[in-house]
Each structure stands twice: as structure tokens, then as C-alpha cells.
Amino acid sequence: MRIDILSLFPDMFQATLGESIVGRAQESGFLDINVTDFRKYTTDKHNHVDDAPFGGGAGMLLQPQPIFDAMAAIQEETKDTYPKGRVILMDPAGRRFDQDYAQELAMEDHLTFICGHYEGYDERIRHLVTDEASLGDYVLTGGELAAMVMIDATVRFVPGVLGNQASPMGDSFSNGLLEFPQYTRPADFRGMKVPEVLTSGNHQKIREWRMKESLRRTLHRRPDLLKTAKLTREQQLMLEDIKLEEDPDIPD
């Protein structure tokens, strides 16, 4: 997968995307990340990339010319090796990013993120994009942090990036539920013991315990997820058992 990022602050990406899983994925050749400072494409003699909005108003808007020209340069560079793919504009008014969206993006060969700054974008920039994405109902200073979060979450699903391909599918939200509790050695730490079933060696019992505890944690912490989760018959019966075990005031 190739990921291009258009940003006025390219140095922000080096530390975050050069370390840990994302960094190793680049070293191993599973991922090619390129950051473009679109200020270099401005034709303004003062290197301005923003201007006041027509009609007045607070703040400054990113101008279309530098971004259009930067996008054209990227497409010229990649036309023989990568399709245009998805072009994602970071915008608080965009589609809410979640685990399903990450899996969807991971199926692409080429992603391009446009990170805005200042008050907003000239509306014509939207003609370049396929997606408008948001982390949530709040506003950040720029799109860089949001793009880094999306990239980190997405590349986990790219084949080969994680050593164990079962890992991303077991993450919270991948099946609509929160992840079950996990433990490692020692089995007894300061009197806090690992549940016996996890050391029993009975894989069927371990699977059932994990499924039930995933449901229990979701019921306690994010009951809203249960309204849309596609539960199997086995999970539905487990959830009924949990509700009988728990305080009857816990919401359905």
C-alpha cells in the first residue's frame, strides 16, 4: 500500500509514523508513506497558501491552487505503479471514522490524505476527494493528528503488517463488541489471580469465557454497541445469562 499525505507540517509525521508497527511495515516493504508539503507548490511570491474568504468572515481558507498542483504531481509520480485510489479530506463534517471504515480503507492500494489548517478549505478542493472523514464531533487545529490516527488504525489491516493476522480481528470493535480481558504471567500477582479457565488448556472453555466476558464488558461500558451488534444465537444466550447474573438495572 502507498499512502500520500498533503500537509503544511510534514515533520509532524516522522516520529509517529516512523516508529512501532507502522515504522516496521515501511521497513519491510508492506507500506510506502510519502508526505508532501503543499506549500512548495504555491505560485504566490510570499508562499501564502491561504486567504480571506469571499463575503467576509473570521479566519483564513486554504486556497485550491497549491493543493491541486500537489495532487497533480503525486498522480504523475504514481500513475504507472498505483491507481489514484481514495483521496481523503480531513474535515469535522465528514464521515465518522471507525473500525469498519479502517478495514474498508485497508483494501485500497493507494490512499491520499489532505490535511487542512486554518479556518477551512476553499470549497473547490472537494472536487479532488473521494472521502471526507472526521474522528468525532470536535475541531482540531489541523488535520494532521486525525490523519495519523486513521493511518495507524488502517494499516493494521494491511496483509503482512501484523505478524499474527488474527490480531486486528480480535481488537475491540472489530466484531461490534469490546475486547475481552487479557492476562499474562505471573498467574498470581499480589493476590490478583488469572481466571483459572485461562490456564486450564481447555480451548473450548477459553473461547466461551472470552466471548462471554467480551459481552459482559460491552454491556457495562458500551451498552449502545449491543443495539447494532450482530449477535449469534450463542452470544444472545450468553448475554441473557449475564443479565441474570448482573444488576437488573443495567440497561438492555
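What you are looking at is a predicted structure, and each value in this text was computed from that prediction instead of being measured.
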Fellow cluster residues of Y183, listed by chain then number, with links counted only when side-chain atoms sit under 4.5 Å apart: V194, V197, L198, I206, W209
[X] side chain to [Y] main-chain N or O, any donor-acceptor pair under 3.5 Å?
{"X": "Q75", "Y": "A72", "answer": "no"}
{"X": "S134", "Y": "A93", "answer": "no"}
{"X": "Y121", "Y": "L61", "answer": "no"}
{"X": "T232", "Y": "Q235", "answer": "yes"}
{"X": "S200", "Y": "N202", "answer": "yes"}
{"X": "S214", "Y": "R210", "answer": "no"}

I'd like to know if [X] pairs up with [Y] as an ion pair, taking the criterion as any Lys NZ or Arg NE/NH1/NH2 lying under 4.0 Å from an Asp or Glu carboxylate oxygen.
{"X": "R95", "Y": "E132", "value": "no"}
{"X": "E196", "Y": "K205", "value": "no"}
{"X": "R24", "Y": "E19", "value": "no"}
{"X": "R216", "Y": "E246", "value": "yes"}
{"X": "E104", "Y": "R86", "value": "yes"}

Can you name the nearest heavy-atom pair linking [X] to [Y], along with the distance?
{"X": "Q65", "Y": "T43", "answer": "OE1-N, 3.2 Å"}
{"X": "A133", "Y": "I88", "answer": "CB-CG2, 3.7 Å"}
{"X": "C115", "Y": "L62", "answer": "O-CD1, 4.5 Å"}
{"X": "L135", "Y": "A146", "answer": "CD1-CA, 3.6 Å"}
{"X": "R217", "Y": "P181", "answer": "NH2-CG, 3.5 Å"}
{"X": "P64", "Y": "I125", "answer": "CA-CG1, 3.8 Å"}

K84 vs E108, salt bridge (Lys or Arg N to Asp or Glu O under 4.0 Å): CA-CA, chis, key distance, verdict: CA-CA 10 Å; K84 177 182 177 182; E108 301 288 336; over 6 Å; no
May I ask whether [X] and [Y] are part of the same hydrophobic cluster, defined by side-chain heavy atoms of I, L, V, M, F, W, Y residues being less than 4.5 angstrom apart, directly or through others?
{"X": "L215", "Y": "L219", "result": "yes"}
{"X": "L89", "Y": "Y138", "result": "yes"}
{"X": "V87", "Y": "I151", "result": "yes"}
{"X": "L17", "Y": "V155", "result": "yes"}
{"X": "I33", "Y": "L8", "result": "yes"}

[X] atom [atom1]: more than 12 heavy-atom contacts under 6.0 Å:
{"X": "R185", "atom1": "CZ", "result": "no"}
{"X": "R126", "atom1": "CZ", "result": "yes"}
{"X": "Q14", "atom1": "CD", "result": "no"}
{"X": "D188", "atom1": "CG", "result": "yes"}

Residues which pass side chain to side chain donor-acceptor pair (under 3.5 Å) with E77, listed by chain and number, not counting sequence neighbours: R2
Residues in side chain to side chain donor-acceptor pair (under 3.5 Å) contact with D109, at least two apart in sequence or another chain: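 Not a single residue meets the side chain to side chain donor-acceptor pair (under 3.5 Å) criterion with D109.
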M90 side, atom CE; M148 side, atom CE - distance, nearest 0.5 Å: 10.5 Å
Rounded distance (nearest 0.5 Å) linking atom CD of E240 with atom CD of Q236: 7.5 Å
Contact list for residues 73-109, test ring pair (Phe, Tyr, Trp, His ring centres under 6.0 Å), sequence neighbours left out: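 Applying ring pair (Phe, Tyr, Trp, His ring centres under 6.0 Å) to every pair that reaches into residues 73-109, excluding sequence neighbours, yields Y82-H110, F97-Y101.
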Qualifying ring pair (Phe, Tyr, Trp, His ring centres under 6.0 Å) pairs, either residue in residues 7-38, two or more places apart: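 Applying ring pair (Phe, Tyr, Trp, His ring centres under 6.0 Å) to every pair that reaches into residues 7-38, excluding sequence neighbours, yields F9-H117.
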Worked check of side chain to side chain donor-acceptor pair (under 3.5 Å) between Q204 and E208: CA-CA 6 Å; Q204 176 62 22; E208 292 173 353; 2.9 Å; yes
Sequence-distant partners of H46, ring pair (Phe, Tyr, Trp, His ring centres under 6.0 Å), two or more places apart: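 H46: ring pair (Phe, Tyr, Trp, His ring centres under 6.0 Å) contacts with H48.
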Option passing side chain to side chain contact (heavy atoms under 4.5 Å, CB included) with D4 (candidates V35, D32, T112):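 Answer to the side chain to side chain contact (heavy atoms under 4.5 Å, CB included) test with D4 among V35, D32, T112: T112.
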